[in-house]
Number of protein chains: 2
Amino acid sequence: MAGNGRDRVDIPEVNGQAMLSAHEALAVVLQIRAGELCVLLWRRALPPCEGEWALPGGRLGTEEDLGASIRRQLAQKVDVRDLSHLEQLETRSEPGRDPQRRTLATAYLGLVPAHIDPVVPDDTGWHPTVDLPAIAFDHASIVRSGRRRLRSKLSYTNVGFALAPPEFTMSELSGYYRAALGHDVAATNLRRVLLRRGQIEETGHSVPSGRSGGRPAALFRFRAREMEVTDAFAVLRPPGQA
Amino acid sequence: MAGNGRDRVDIPEVNGQAMLSAHEALAVVLQIRAGELCVLLWRRALPPCEGEWALPGGRLGTEEDLGASIRRQLAQKVDVRDLSHLEQLETRSEPGRDPQRRTLATAYLGLVPAHIDPVVPDDTGWHPTVDLPAIAFDHASIVRSGRRRLRSKLSYTNVGFALAPPEFTMSELSGYYRAALGHDVAATNLRRVLLRRGQIEETGHSVPSGRSGGRPAALFRFRAREMEVTDAFAVLRPPGQA
DNA sequence: CAGGTTTGTGCCTGCCAGACAAAAACCTGG
DNA sequence: CCAGGTTTTTGTCTGGCAGGCACAAACCTG
């Protein structure tokens, strides 16, 4: 416990190489498809876990950071331009998580708006997050972690913009929220909440409402296309801001 | 973009070793000291950045995960049993963040309750987060990131337990909140909010209030010593839970 | 016991979100 | 063209929560 200023040499290291480890970037790419929140999975072609479903991603390159790496690797699965949002999730480091070699993985959360249907390779597909197939490594728990992050952020940020197309009716939007949150969301309340928060605004246009008539729906858009935090839920505000 | 099932081999790698990188765990350890939110910094004894202040931490060992690693390394700075909370913050991976070699760093947020004064080595000290000294690498921005995380979580979780001693008066507690949040927090409101949320409860004891008389203050304690999320701010609740 | 100090309680206001009902706007079929 | 059905929009009501403030309670000192 005495500080001799040379603490770093105390760290166990078998040899110079033993301190090095493989590092990969993974992505939980989520999209609302047919009213369900789906995740992009890739069928592994190489061992370990050959043939099993896994999150897209792979080794970090020598001259890129993790964000650039996952964008590059996702480009092999979906058009990167389709990603409306990307944020770091967490880093998994359990020594046994990859049975073959020590591998650290930094997971990202990526979102694709609902109106896009990206071209994906044959070995890649979308799977509803309720009712996931068997998934390799610890990737299933990473998917749940990503879904949890999305669900919380839908409450206190404007991430909704990343799930919705540029213009949408309130019925459509409440459908996206319902799919992502896993429970009903009343369009009328959602409208008032998001309007008051200044997250969405009317475009002025409207569309005839569906098959069986009904009042035409007004079109809305998100005012920002970057994530912003709603302060409405910053309790314990500074005084004078009740 | 065609899926040939062998995507991983596309990843640039100079040679087998180039894909490997050094990985370290860092910790932003925060504590309220003398009414100020302080961070634990360590004066580096080795290059690069010899003699500069930096976050405590170091290389990941071969058989430990990041959480175990940062706990082990913090044991050289503060008694690990003093840590009331520890959570992963984020992973930094910019290629140039360490001028000497490619190093990834996963930062953790650690908290020490206010009543403890851990023994720290000579090369280690507490610094107010307002008015930080010059700090090596990207560690200054990591400190700000940790402080931001603490501030948000004080609003929608019970992390307060990790800043406060086992028993405290409301005046003391509002002092901790004020120091952490950076603005005044009225003890009377804090009391009502935390009581309603069920985060704190009265112990039944009380202490005579300070030097110049005054009504004796009731003692409170946090009901839980693990982090729990307040649902009071889950907007967009499931229906039937207004 | 009077005055000062600190803590605790009660009340008020304002804001926000969920539920519900009524109005508006449109379509289809007779 | 009108009646009935459908969907969206608007408005109202209610309940909960948080911040501000005033007053009461409890204690100390001189």
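Each chain gets a letter, A, B and so on, in the order the sequences are listed, and its residues count up from 1.
- The phosphate of dT9(D) (OP1 or OP2) has a side-chain N or O of Arg191(A) nearer than 4.0 angstrom.
- Proximity of Arg196(B) to the phosphate of dA18(D): a side-chain N or O atom is located under 4.0 Å from OP1 or OP2.
- Rounded to an integer number of Å, the gap from CZ of Phe220(B) to P of dG8(C) is 6 Å.
- For Leu190(A) and dA19(C), the CG to P distance is 13 Å, given to the nearest whole Å.
- The aromatic rings of Phe222(B) and Phe161(B) sit perpendicular to each other, their planes meeting at more than 60°, with 30° as the lower class boundary.
- Within a 6.0 Å sphere centred on CZ of Arg151(A), other residues, nucleotides and ligands contribute more than 12 heavy atoms.
- Looking at the side chain of Thr188(B), the nearest of the listed nucleotides dT6(C), dC21(D), dG19(D) is dC21(D).
- Distances shown here put a side-chain N or O of Ser171(B) below 4.0 Å from the OP1 or OP2 atom of dT7(C).
- Rounded to whole Å, the distance from CD on Gln199(B) to C1' on dC17(D) is 14 Å.
- Remark: Arg197(B) is not in phosphate contact with dC17(D), judged by side-chain N or O atoms under 4.0 Å from OP1 or OP2.
- The distance from atom CG of Asp184(B) to atom P of dC21(D) is 13 Å, rounded to the nearest whole Å.
- Straight-line distance from the CG atom of Leu181(B) to the P atom of dG19(D): 11 Å, rounded to whole Å.
- One atom, CZ of Arg192(A), and another, P of dG11(D), lie 12 Å apart when rounded to the nearest Å.
- Looking at Ser93(A), its side chain does come within 3.5 Å of a backbone N or O of Leu66(B) through a donor-acceptor pair.
- One can place CG of Leu195(A) at 13 Å from P of dG11(D), the figure rounded to the nearest angstrom.
- One side chain, Gln199(A) or Thr230(A), offers a donor N or O that lies under 3.5 Å from an acceptor on the other.
- Ala187(B) comes within 4.0 angstrom of nothing in the nucleic acid, heavy atoms only.
- Comparing dA23(C), dA26(D), dA17(C) against the side chain of Arg215(A) picks out dA23(C) as the nearest.
- Of the possible polar contacts, one joining the Glu172(B) side chain to the Thr169(B) backbone as a donor-acceptor pair under 3.5 Å is found.
- Base pairing of dG30(D): its partner is dC1(C), meeting the Watson-Crick or G-U wobble criterion (both donor-acceptor distances under 3.5 Å).
- Going from atom CG of Asn189(B) over to atom P of dG20(D) covers 6 Å, rounded to whole Å.
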